Amino acid sequence: MTTTKKNYPATEGRVALQTKTRLLTTLIAAALASAAGMAHAQSDPEQKNQGAGQSAQPQNDTTLPTVTVTGAGPAADSYRKTSAGVASFGAASLLDTPAAVSVVTRTQLDDQQARLLSDVVRNDAAVGNNYTPVGYYENFSIRGFPLDLATSMQINGMSIAGEQNVALENKESVEILNGMAGLQSGMTPPGGLINYVTKRPADVRSITLETDSRGSRYLATDIGTLFGEQKQFGLRINAAHESLHSYVNDADGERNFASLAADWIISPQARLQFDAEYQHREQRSAPGYQLLGGTVVPSNVSPSTLLGAQPWAKPVTINSVNLNLRLDLDLAPDWHAYVAASRSRVVIDDNSAFPYGCGYGATCGDGGTPARYFSAGGDFDIYDYRFPDDTRRNDQLQAVLQGKLDSGKIRHDLTLGASMFRRTVSQSDGVNEYVGSDNIYNPNPIVYAPSPLTPDASTLRLDSRQKALFAVDRISLTPQWQVIAGGRQVWLNERALDVTGAATRVTEKSLFLPQVALVYKPQADLSLYTSYSKGLTMGGQAPFWAENAYAFLAPTVSRQVEAGVKYDWRDQLSLSAALFQMTKPYEYPKPDEGGYTYTQQGNETHRGLELSAAGQIARQLRLTASLALIQARADDTGTPAYDGHQAINVPRLRTALYASYALPQVTGLSLLGGWQYSASKAATREGDVKVPAYSVFDAGLRYKTSLAGHAAVLRLSVDNLFDKRYWKDVGEYFGDSYLHLGAPRNARLSLQYDF
């Protein structure tokens, strides 16, 4: 084979910015110094820890739709939340929301010592890993459909660039919408979306120290205050520094984070909120394995191995800024409006000695193995992969009017809105050069010289704009019956550009995305619903090895039907069940005599059952639990080998459980534990290669006490208690499939101290 430059999939779409890494030390010191000057007015420790429940708003104020809390609400340390802003049904409770929504609360995030979204979504069985390597930004699937990082992530209901590992220090909860999200965010994949809800200003002063069995170090502070004659002003600062010691050899890194939340009650009818956060993260990325010969799952490999390790490879650097401004106005007793603007910018400096396929080594191509897989004996090629200044930016402006109208005995809860959204991507052609070959079983990696090439400048490659008008009407026919009807009219204008700035593709699309639902409440704590929705998804991009390499396919329309039941038991435990069917056109590299052509043909249909529970089932016992049964199949694809069997990387059964049990014998001491199960998953589109099922168990302790008269919480967690070896992810990324091992056992110890 020749040794010409080979553009393999942008498996890690990488790139970015080399920047200072000591910003946070100064910010933390400044925050602590300012805290020392605050008045030490003692408040209840539980209230200090609760966070978002104490915004700079008077008690008779209307809570913002994205953070609505209705009724008395659960206890401060509950794993249950009764409302969420992610479903775009106004201020309705989750009980009255005709969609499957799960909320991971701040208490659960703290108990699990969560740092990444992968730590969060393991609580929802409907969510799976879909390319989540160590040291890189993560992606996931919901109900078996991969999320689109351009549109599937939000902060406070506003879109963010998903090519970042969003920090959790300043988040009060994480909301997960399972299913169609077209009404909520316009053009987006059918799986759903994830929304981060930020903490609001409160009188809080807290510091957290943490370490783990690998030697990682973590320091975080949470400082807030309310001030002014009427407590009309509020500020909250979160800051963190983390020294990352990975379980993968030579894949250590560090992270610095800072955020500011500000609230201003301008008048009893007007409130202003502002959120800003910055994160710098750098860590050497750990690429995944590929099938040996295209047909065999690697065996006897360790999760600590860094494939293709080269001394000249640099860490991946990701710098992200997320900004959000929102003005709320009470126009009348039953009418409310808000205007929100946001910007999210991520710059990725993508560096890697990346193992991919086998096209140059002596054993490559043995037995007719395609060059995009490792050889049957475990040989692989190594590429010097450098793509600097990969910049993704999302800008959004949204205006919403919400109110109530009565027409006789029928009540209308209306939501009307308009939105403008722009997504830009700037990239260079970078360096992607073959430098040598190695073997997955070689204990001493072979060292090669890096490519002498230099990356070119980053230029605008994608400019995508959406305009939308949307409306939702919740019609209360009787106290028992509600009809919800809504839709979003989307106008899309998108241009793809080459390095010279010339347009290589122009897409103009106009589509109406309807959503209708029927809710029946035979009693106040029980609801049954059925719904229909329609979505619009951007077409995929062909992999480099396809005949139509890098081509973008046309947008596709997806449809969903769902029915469910929800029950609030004694206002302590929320139970739900949902049946769904989702259909979208099937996209794949179709084999033919000339090779492969990336195409849309046939349909991919996912059917499933989801069960969930969250809250308190006994005085001492709190839990979250979920189960997802999914049948995911393609039909009429034109390639019989791909038809009629379970889709790649989608297990038929997944479960998740996490619980906290307060020991009555020892005040303040609780036992923590979790269990995750996944059935076997197909690692190829043909379904003829699978990775085995697995169970992973976690355990821990939480001890609440006081130190020097201040509240303190000590937490000990052991993840993967029995040190299980398993494949967490066998999905495709840009046309190629990768296999990632799950993390081995790790113990973490933290101390949270309120001062």
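Note that the structure is predicted; figures quoted are calculated from it, not measured.
- Classification of Asp263 and Lys231 as a salt-bridged pair fails, no side-chain N sitting under 4.0 Å from a carboxylate O.
- Nearest heavy atom pair, residue Ala471 against residue Leu183, reads O-CD1, 4.4 Å.
- Remark: Arg423 engages Glu163 in a salt bridge, criterion side-chain N to carboxylate O under 4.0 Å.
- Side chains of Val166 and Glu277 form a contact here, defined as non-hydrogen atoms less than 4.5 Å apart.
- Using a 4.0 Å cut-off between a side-chain N of Lys or Arg and a carboxylate O of Asp or Glu, Asp96 and Arg474 do not qualify as a salt bridge.
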- For side chain to side chain contact (heavy atoms under 4.5 Å, CB included), just list the numbers for Leu272 and Leu325, CA-CA rounded to whole Å, side-chain angles, deciding distance to a tenth of an Å, and then say yes or no. CA-CA 8 Å; Leu272 187 67; Leu325 181 67; 3.8 Å; yes
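- Counting heavy-atom neighbours within 6.0 Å of Lys521 NZ, excluding the residue itself, gives a total above 12.
- The distance from the CG atom of Asp334 to the CG atom of Leu414 is 11.0 Å, given to the nearest 0.5 Å.
- Between the CG atom in Leu623 and the CG atom in Leu573 there is a gap of 6.5 Å [rounded to 0.5 Å].
- Screening Ser344, Ser159, Ser464, Ser342 against Asn394 for a side chain to side chain donor-acceptor pair (under 3.5 Å) leaves a single residue, Ser159.
- With Tyr196 as the fixed residue, the side chain to side chain contact (heavy atoms under 4.5 Å, CB included) test singles out one of Asn156, Asn322, Ile155: Ile155.
- For the pair Arg411 and Asp413, the salt-bridge criterion is met [side-chain N within less than 4.0 Å of a carboxylate O].
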- Task: Any chance you could lay out the side chain to side chain contact (heavy atoms under 4.5 Å, CB included) test for Ile194 and Val120, step after step, and finish with the verdict?
- Result: CA-CA 11 Å; Ile194 295 173; Val120 180; over 6 Å; no
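- Residues Gln112 and Arg122 approach most closely at CB-NH2, 3.7 Å, considering heavy atoms.
- A salt bridge is absent between Asp568 and Lys566; no separation between the charged side-chain nitrogens and carboxylate oxygens falls under 4.0 Å.
- When the shell of 6.0 Å around CD of Gln230 is examined, it contains 12 or fewer heavy atoms from other residues, nucleotides or ligands.
- Within the cation-pi definition used here (under 6.0 Å to the ring centroid, within 45° of the axis), Arg622 does not qualify as a partner of Tyr79.
- A salt bridge links Arg143 to Glu562: at least one charged side-chain nitrogen sits closer than 4.0 Å to a carboxylate oxygen.
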- Step by step, would you call Leu536 with Val557 a side chain to side chain contact (heavy atoms under 4.5 Å, CB included)? CA-CA 5 Å; Leu536 181 66; Val557 175; 4.3 Å; yes
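- In terms of heavy atoms, Tyr529 sits closest to Ala100 at OH-N, 3.9 Å.
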- Show your reasoning for whether side chain to side chain contact (heavy atoms under 4.5 Å, CB included) applies to Gln398 and Phe470. CA-CA 11 Å; Gln398 183 163 283; Phe470 55 91; 4.1 Å; yes
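- Leu462 contributes atom CG, which lies 9.0 Å from atom CZ of Arg392 (distance to the nearest 0.5 angstrom).
- Within the 4.5 Å cutoff, side-chain heavy atoms of Asp222 are placed close to those of Lys199.
- Distance check, rounded to the nearest 0.5 Å: CH2 of Trp264 to CG of Leu327 gives 9.5 Å.
- To the nearest 0.5 angstrom, Asn195 atom CG is 11.0 Å from Met158 atom CE.
- Scanning all heavy atoms of the two residues, the minimum distance from Leu95 to Tyr567 falls at CD1-N, 4.1 Å.
- With rounding to the nearest 0.5 Å, the separation of CD1 in Ile142 from CG in Leu177 is 7.0 Å.
- Remark: Arg495 CZ is loosely packed, at most 12 non-hydrogen atoms of other residues, nucleotides or ligands lying under 6.0 Å away.
- Asp124 and Ala656 make their closest contact through N-CB, 4.4 Å (heavy atoms, listed as atom of the first residue, atom of the second, distance).
- Across all their heavy atoms, Ala337 and Leu401 have their closest contact at CB-CD1, 4.1 Å.
- Partner Asp275 forms a salt bridge (Lys or Arg N to Asp or Glu O under 4.0 Å) with one of Arg326, Arg343, Arg200, Arg236 and no other, that one being Arg200.
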- Message: Between Arg465 and Asp395, is the salt bridge (Lys or Arg N to Asp or Glu O under 4.0 Å) condition met? List the steps.
- Response: CA-CA 10 Å; Arg465 306 182 188 215; Asp395 295 315; over 6 Å; no
